[in-house]
Amino acid sequence: MVKFAPLSVPWERRLQTFVVLQWIFSFVVLAQICIAVFIGLLFTRFWIFSVLYAVWWYLDLSKPWSGGRRSEALRRCIIWRYMKDYFPISLVKTAHLDPSRNYLAGFHPHGVLATGAFTNLCTESTGFSSLFPGIRPHLMMLNLWFWTPFFRDYIMSGGLVPVDKESAAHILSREGGGNLMAIIVGGVQEALDSRPGGYKLVLRNRKGFIRLALMHGAALVPIFSFGENDVFKQVENSPGSWVRWFQDRLQKIVRVSIPLFYGRGVFQYSFGLMPYRRPITTVVGKPIEVQKTPHPSQEEVDRLHQRYMKELENLFEAHKLKYNVPRDQHLEIC
């Protein structure tokens, strides 16, 4: 039985739904549309626009790897407030971040579409700059998207940067501090295990971000987003299933996974690609001091990695009861 939304929905909620719908559209198909438009214009009388953009693109090619190009106007745009209120999403501060330092934050879990990471770090809807004055957040994203015409400029405007060593080094080595570079450590592999009530993290063998923190002396900040996994469901894809086999093969080939997710619809609550209206609370933990070590040994990396996992578990345990996580539920780190 399909459960339809009532006709008397307040305009505020309609606007929230519309903004989230455009975000889902941007995440799922906007990049492909940008490629099609760029190529398609070459075969019309407007070909000059694609040629001029290609010249600009060539001159601006390295920009994503040198900190990107943020737009405070877009980050502070009112539409993001409606997206925040849809779920709702909130940001919780547990410790001060010194604006004279640079930080490397691990964001957990990925969720299906990294909703909490985007809303908290790529927009000002939850008040990041008010909670952490003097800190400029950056969120790392797959390099693939920064080779997409037009789309690359859109995602850079929110503070997104490529997930590689060159990009990380540029931000973490900036003089004067005040930068927080966040990486969703579990990545696309973790997204495949995202489902309501799940707390499975891909972290045990992810140590590259630890090495980066040591090399640049950047304090590590664990971040846990409660409710991140609850806003979408996925088609059954347990290990060994043909669905999971296809997803794993695709990830190995193009480094992109395709979670077969679903939620509610725009005008009904039974099926669709819209996320469920469930709260997401992102808790920023206490920084872990890191001594700069230009050439860290494997032993040093392993030791700091163990400490990071312990601090992340402590953060989860300290806050889980506030956000309706059962007392006997613990993180499953694999």
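Since this is a predicted model, take the numbers as computed values, not measurements.
Counting only N and O atoms by type, the side chains of S225 and T282 include a donor and acceptor under 3.5 Å apart. Counting only N and O atoms by type, the side chains of Q291 and T293 include no donor and acceptor under 3.5 Å apart. No side-chain donor-acceptor contact under 3.5 Å links Q306 and D302.
Counting only distance, with no hydrogens or angles, the side chain of Y53 and the backbone of F150 share a donor-acceptor pair below 3.5 Å. Distance alone, capped at 3.5 Å, is enough to place a donor-acceptor pair between the Q234 side chain and the S194 backbone. Between the side chain of T119 and the backbone N or O of G116 there is no donor-acceptor pair closer than 3.5 Å. Judged by distance alone, the side chain of D230 and the main-chain N or O of G197 form a donor-acceptor pair under 3.5 Å. Checking side-chain atoms of S50 against main-chain N and O of F38 turns up a donor-acceptor pair under 3.5 Å. At distances below 3.5 Å, not a single donor-acceptor pair connects side-chain atoms of Y82 with backbone N or O atoms of R13. For the pair E236 (side chain) and S238 (backbone), a donor-acceptor distance under 3.5 Å is present. Using modelled atom types, no side-chain atom of S62 and backbone atom of W65 make a donor-acceptor pair closer than 3.5 Å. In this structure a side-chain-to-backbone donor-acceptor pair under 3.5 Å is missing from K207 to V301. One N or O on the side chain of H305 and one on the backbone of R206 form a donor-acceptor pair closer than 3.5 Å.
Ion pairing between a basic and an acidic side chain is recognised when a charged N comes within 4.0 Å of a carboxylate O; R70 and E72 show such pairing. For the pair R244 and D248, the salt-bridge criterion is met [side-chain N within less than 4.0 Å of a carboxylate O]. Using a 4.0 Å cut-off between charged side-chain N and carboxylate O, E289 and R307 make no salt bridge. For R81 and E12, the salt-bridge test passes: some basic side-chain N is under 4.0 Å from an acidic carboxylate O.
The salt bridge (charged side-chain N to carboxylate O under 4.0 Å, His left out) analysis of residues 56-65, with sequence neighbours excluded, yields the pairs D60-R69, D60-R152.
Cation-pi check for R278 over Y276 is met; the charged atom lies under 6.0 angstrom from the ring centroid and within 45 degrees of its normal.
Ring-plane geometry between W80 and F118 is classed as perpendicular, the angle between the planes exceeding 60 degrees on a 0 to 90 degree scale with a lower cut at 30. Aromatic ring pairs are classed by plane angle as parallel below 30°, tilted from 30° to 60° and perpendicular above 60°; the pair F232 and F261 is perpendicular. Using the six-membered ring where Trp is involved, Y323 and H319 have ring planes that are parallel, under 30° apart on the 30 and 60° scheme. Note: Y308 and H108 have tilted aromatic rings, judged against thresholds of 30 and 60 degrees for the angle between ring planes.
Summarising the geometry, atom CD1 belonging to I171 is positioned 9.5 Å from atom CG belonging to L104; distances are rounded to the nearest 0.5 Å. Atoms OG1 and CZ, from T123 and R76 in turn, are 10.0 Å apart once rounded to the nearest 0.5 Å.
For the residue pair Q22 and I79, the shortest heavy atom distance occurs at NE2-CD1, 4.1 Å. Minimum interatomic distance between A218 and L172 (heavy atoms only, all atoms of both residues): CB-CD2, 4.0 Å. Between C34 and P149, the shortest heavy-atom contact is CB-O, 3.1 Å.
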Quick one, T17 with R264, criterion side-chain hydrogen bond (donor to acceptor under 3.5 Å, both in side chains). Give me CA distance, side-chain angles, the key distance, then yes/no.
CA-CA 11 Å; T17 300; R264 50 161 288 184; 4.7 Å; no

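Aromatic ring centroids of F224 and F107 lie 6.0 Å or more apart.
The same ILVMFWY cluster, assembled from side-chain heavy atoms under 4.5 Å apart, contains both L41 and F43.
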